[in-house]
Structure formats: structure tokens, C-alpha cells
Amino acid sequence: MTYAEIETMINSTKLSNAYYQYPEGEAPALPYVLFYYPERDDFQADDKNYAKITQLNIELYTKNKDFVNEKVIEDLLDANEIPYDKEEQYIESENMYEVLYITEVIINES
């Protein structure tokens with residue numbers, strides 16, 4: 001995948017979204033999605049990086065537990081054959097839920 005394809009994939013959820021964070025005070029109404037690439041663990045051999053294995057985190061923020069939008073994201077990941085781990089927490093200070101999807105993708109940028 002390319003970074004552009006991942007952005008298109010995230011946009012296809014029809015949820016408001018941004019890379020990493022919204023500027024302070026500019027976050028839209030819930031629900032919304034943030035996505036980012038926190039680290040890489042490339043496959044290396046013969047003094048070369050053969051595959052850019054990039055962690056992709058997708059965070060869904062909602063006011064209440066939102067099974068419908070979780071299914072939207074999970075169906076999207078399944079359709080793109082992207083395996084994921086899922087974590088959830090309630091952020092009391094913000095009065096919202098965060099569901100985190102932790103994935104790895106191979107980035108094929110020329």
C-alpha cells in the first residue's frame with residue numbers, strides 16, 4: 001500500500017478524520033478518527049531494507065460505545081486484508097471512548 005491509499009481507505013469510512021491530531025480547539029463533533037504511523041520495523045537483509053513494515057494506528061473516538069462505527073473500521077481492515085489488534089479505553093477527562101486498532105502495513109512508495 002501507499003500512504004495515499006491508506007488515506008483514501010480512512011476517508012472511505014465517511015467519518016471525520018485527521019492525521020495524528022486535530023489542532024487544539026478544532027476537533028469535530030464525535031465520532032471521529034485519527035490515524036498515524038508511530039514506528040517502523042523494516043525487514044532487512046544484505047545491507048538493504050527490503051520491506052517497509054510500518055505500524056498504522058487507527059483511533060476511533062466516540063461519545064458512547066459505538067459498535068456500528070467499529071464494524072465499519074473492522075470491515076474496512078478485513079476488506080483490505082490488514083490484520084489488527086484492538087484495544088479500548090474510556091477517557092474520563094474527555095468523556096469519550098477510544099478504540100485503537102493497531103496494524104502493520106507494508107508501504108510501497110516509489
Separation of [Y] [atom2] from [X] [atom1] (nearest 0.5 Å):
| X | Y | atom1 | atom2 | answer |
| --- | --- | --- | --- | --- |
| Glu87 | Gln89 | CD | CD | 8.5 Å |
| Ile102 | Glu59 | CD1 | CD | 9.5 Å |
| Tyr37 | Tyr20 | OH | OH | 14.5 Å |
| Ile107 | Met1 | CD1 | CE | 7.5 Å |
| Thr103 | Leu56 | OG1 | CG | 3.5 Å |

Donor-acceptor pairs under 3.5 angstrom involving side-chain atoms of residues 69-80: please list them, not counting sequence neighbours.
unit_1 : atom_1 : unit_2 : atom_2 : d
Asn69  : ND2    : Asp66  : OD2    : 2.8
Glu70  : OE1    : Lys65  : NZ     : 3.1
Glu70  : OE1    : Lys86  : NZ     : 2.6
Glu70  : OE2    : Lys65  : NZ     : 2.7
Lys71  : NZ     : Asp75  : OD1    : 3.2
Lys71  : NZ     : Asp75  : OD2    : 2.7
Glu74  : OE2    : Lys86  : NZ     : 2.7
Glu74  : OE2    : Tyr101 : OH     : 2.8
Asn80  : ND2    : Leu76  : O      : 2.9

* Asked: Of all residues at least two apart in sequence or in a different chain, which pass the salt bridge (Lys or Arg N to Asp or Glu O under 4.0 Å) check with Asp41?
  ->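 So Asp41 forms no salt bridge (Lys or Arg N to Asp or Glu O under 4.0 Å) with any residue.
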
Looking at side-chain heavy atoms only, is the closest gap between [X] and [Y] below 4.5 Å?
| X | Y | result |
| --- | --- | --- |
| Tyr90 | Asn95 | yes |
| Leu15 | Leu60 | yes |
| Ser93 | Ile91 | yes |
| Ile6 | Val105 | yes |

* What are the two closest heavy atoms between Gln21 and Leu34, and how far apart are they? -> CA-CD2, 3.9 Å

* Asked: Which heavy atom of Glu88 sits nearest a heavy atom of Tyr97, and at what distance?
  ->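 The pair with the smallest heavy-atom distance is OE2-CD2, 3.9 Å.
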
* Would Thr54 and Ile106 count as a side-chain contact (heavy atoms from CB on, under 4.5 Å) if you check the C-alpha gap in whole Å, the side-chain angles of each, and the deciding distance to 0.1 Å? -> CA-CA 6 Å; Thr54 304; Ile106 296 176; over 6 Å; no

If you look only at distance, which donor and acceptor atoms sit under 3.5 Å apart when one is on a side chain in residues 22-32 and the other is two or more places apart or in another chain?
unit_1 : atom_1 : unit_2 : atom_2 : d
Tyr22  : OH     : Asn17  : N      : 3.0
Tyr22  : OH     : Asn17  : O      : 3.3

* **Summary of salt bridge (charged side-chain N to carboxylate O under 4.0 Å, His left out) pairs that have at least one residue in residues 94-106, sequence neighbours excluded** =>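 Checked against salt bridge (charged side-chain N to carboxylate O under 4.0 Å, His left out) - neighbours excluded - no pair reaches residues 94-106.
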
* Asked: Taking only residues two or more places apart in sequence, or in another chain, which ones meet Gln55 in a side chain to side chain donor-acceptor pair (under 3.5 Å)?
  ->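 Side chain to side chain donor-acceptor pair (under 3.5 Å) list for Gln55, sorted by chain: Asn57.
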
* To do: With sequence neighbours excluded, tell me which residues meet ring-ring contact (aromatic ring centres under 6.0 Å, His included) with Phe43.
  =>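 With neighbours one apart ignored, the set is empty.
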
Hydrophobic clustering (ILVMFWY, side-chain heavy atoms < 4.5 Å, transitive) - are [Y] and [X] grouped together?
| X | Y | value |
| --- | --- | --- |
| Phe35 | Leu100 | no |
| Ile10 | Tyr3 | yes |
| Val33 | Tyr19 | yes |

* **Ion pair Asp42/Arg40, N-O distance below 4.0 Å** =>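 Salt bridge flag = yes for Arg40 with Asp42.
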
